[in-house]
Visitor: 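Dropping the structure in here first, questions after.
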Amino acid sequence: MKKLPRIVDAQPVIHGVLKVGFDDGYVGVVDLRPLIAMGKVFSWLSEPSHFAAVRVDEYGHSVSWLDGQGYAIDLSADSIRRDAERQAEIHRLMVG
């Protein structure tokens, strides 16, 4: 059985972009701006101060934010890892 990634640290780089560290030593950057632009539940994160309030949830299974009504907006560690790796590969291919 494959071990699920666990997040140990998440810090905003700029609004909409997180630098995320994992328990296996991998550190990646994930651009969440397209997700935020979709609106709906993610519209809360369009305010920079709201996005900056990111936290790593207990056991590192996700990152989350609390909206104005106290509801969690969360993204799983495995989806964050997948997106960070994909975005890094795209960047590598573009830069050369």
Side-chain angles (χ1 to χ4, degrees):
M1 187 165 140
K2 183 179 176 185
K3 181 183 172 194
L4 292 175
R6 291 187 184 215
I7 298 170
V8 295
D9 186 46
Q11 300 294 324
V13 176
I14 60 171
H15 178 248
V17 180
L18 289 179
K19 180 178 179 183
V20 184
F22 292 85
D23 64 345
D24 64 357
Y26 179 81
V27 176
V29 175
V30 62
D31 186 352
L32 300 174
R33 292 175 292 185
L35 186 65
I36 295 168
M38 293 173 70
K40 300 185 182 182
V41 69
F42 301 107
S43 62
W44 175 258
L45 301 177
S46 64
E47 173 62 42
S49 64
H50 296 168
F51 184 81
V54 65
R55 66 180 192 169
V56 176
D57 291 335
E58 188 175 14
Y59 307 115
H61 293 158
S62 62
V63 294
S64 68
W65 299 262
L66 290 180
D67 71 11
Q69 298 176 338
Y71 293 106
I73 302 167
D74 63 343
L75 299 170
S76 68
D78 55 334
S79 67
I80 292 284
R81 175 71 174 254
R82 179 196 65 226
D83 291 350
E85 289 176 349
R86 285 180 182 170
Q87 291 174 13
E89 179 62 16
I90 290 168
H91 182 264
R92 187 189 68 74
L93 292 171
M94 290 175 61
V95 174

Visitor: Are Leu18 and Val41 co-members of a hydrophobic cluster defined by side-chain heavy atoms under 4.5 Å apart?
Guide: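 As far as the 4.5 Å side-chain criterion goes, Leu18 and Val41 are connected within one cluster.
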Visitor: Is there a donor-acceptor contact under 3.5 Å from the side chain of His15 to the main chain of Leu45?
Guide: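 Side chain of His15 to backbone of Leu45: a pair is present.
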Visitor: Report the distance from atom CD of Gln87 to atom CG of Leu32, rounding to the nearest 0.5 Å.
Guide: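 Reported to 0.5 Å precision, the distance equals 7.5 Å.
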Visitor: Counting N and O atoms only, with roles assigned by atom type, does the side chain of Asp67 sit under 3.5 Å from a partner on the main chain of Gly70, one being a donor and the other an acceptor?
Guide: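 It does hold such a pair.
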Visitor: Please determine whether residues Val27 and Ile14 belong to a single hydrophobic cluster, defined as Ile, Leu, Val, Met, Phe, Trp and Tyr linked transitively by side-chain heavy-atom distances below 4.5 Å.
Guide: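 No; tracing contacts between hydrophobic side chains, which count when under 4.5 Å, never links both residues.
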Visitor: Considering non-hydrogen atoms only, spot the tightest contact between Asp74 and Ser64 and give its length.
Guide: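 Result for this residue pair: CB-CB, 3.8 Å.
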Visitor: Of all heavy-atom pairs between Ala88 and Tyr26, which one has the smallest distance, and what is that distance?
Guide: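 So the two residues come closest at CB-OH, 4.5 Å.
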Visitor: Any Lys/Arg nitrogen of Asp83 or Arg81 sitting under 4.0 Å from an Asp/Glu carboxylate oxygen of the other?
Guide: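 Between Arg81 and Asp83 there is no salt bridge, as every charged N stays at least 4.0 Å from the carboxylate O atoms.
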Visitor: Taking all atoms of both residues into account, what is the closest heavy-atom pair of Asp57 and Ser62, and its distance?
Guide: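 Looking at all heavy atoms of both residues, the closest pair is OD2-OG, 2.5 Å.
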Visitor: Please report the shortest heavy-atom distance between Pro5 and Asp78, naming the atom on each side.
Guide: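 Heavy atoms of Pro5 and Asp78 come nearest at CG-CA, 3.7 Å.
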Visitor: Using the rule that Ile, Leu, Val, Met, Phe, Trp and Tyr join whenever any side-chain heavy atoms are under 4.5 Å apart, tell me whether Val17 and Leu35 fall into a single cluster.
Guide: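 Different clusters.
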Visitor: Please give me the minimum heavy-atom distance between Ile7 and Val56, naming the atom from each residue.
Guide: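 For Ile7 versus Val56, the nearest heavy atoms are O-CG1, 3.4 Å.
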Visitor: Only pairs at least two apart or in different chains count here, so list each ring-ring contact (aromatic ring centres under 6.0 Å, His included) that has a residue in residues 62-90.
Guide: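 Listed by first then second residue: Phe51-Trp65.
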Visitor: What are the two closest heavy atoms between Val63 and Ala10, and how far apart are they?
Guide: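 Shortest heavy-atom contact: CG1-CB, 3.8 Å.
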Visitor: Rounded to the nearest 0.5 Å, what separation is found between the CG atom of Asp9 and the CZ atom of Phe22?
Guide: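 Going from CG on Asp9 over to CZ on Phe22, the span is 10.5 Å.
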Visitor: Does Glu89 come within less than 4.0 Å of Arg86, counting only side-chain N to carboxylate O?
Guide: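 Salt bridge between Glu89 and Arg86, a charged N being under 4.0 Å from a carboxylate O: no.
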Visitor: If two hydrophobic side chains count as joined below 4.5 Å and joins carry through other members, does Val29 share a cluster with Leu75?
Guide: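 No; Leu75 is not reachable from Val29 via cluster members.
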Visitor: If you apply the rule side-chain contact (heavy atoms from CB on, under 4.5 Å), what do you find for Asp23 with Lys3, and how did you get there?
Guide: CA-CA 11 Å; Asp23 64 345; Lys3 181 183 172 194; 3.3 Å; yes
Visitor: Could you see if Val54 belongs to whatever hydrophobic cluster contains Val8? Use Ile, Leu, Val, Met, Phe, Trp, Tyr and a side-chain cutoff under 4.5 Å.
Guide: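 The answer is no; the residues belong to distinct hydrophobic clusters.
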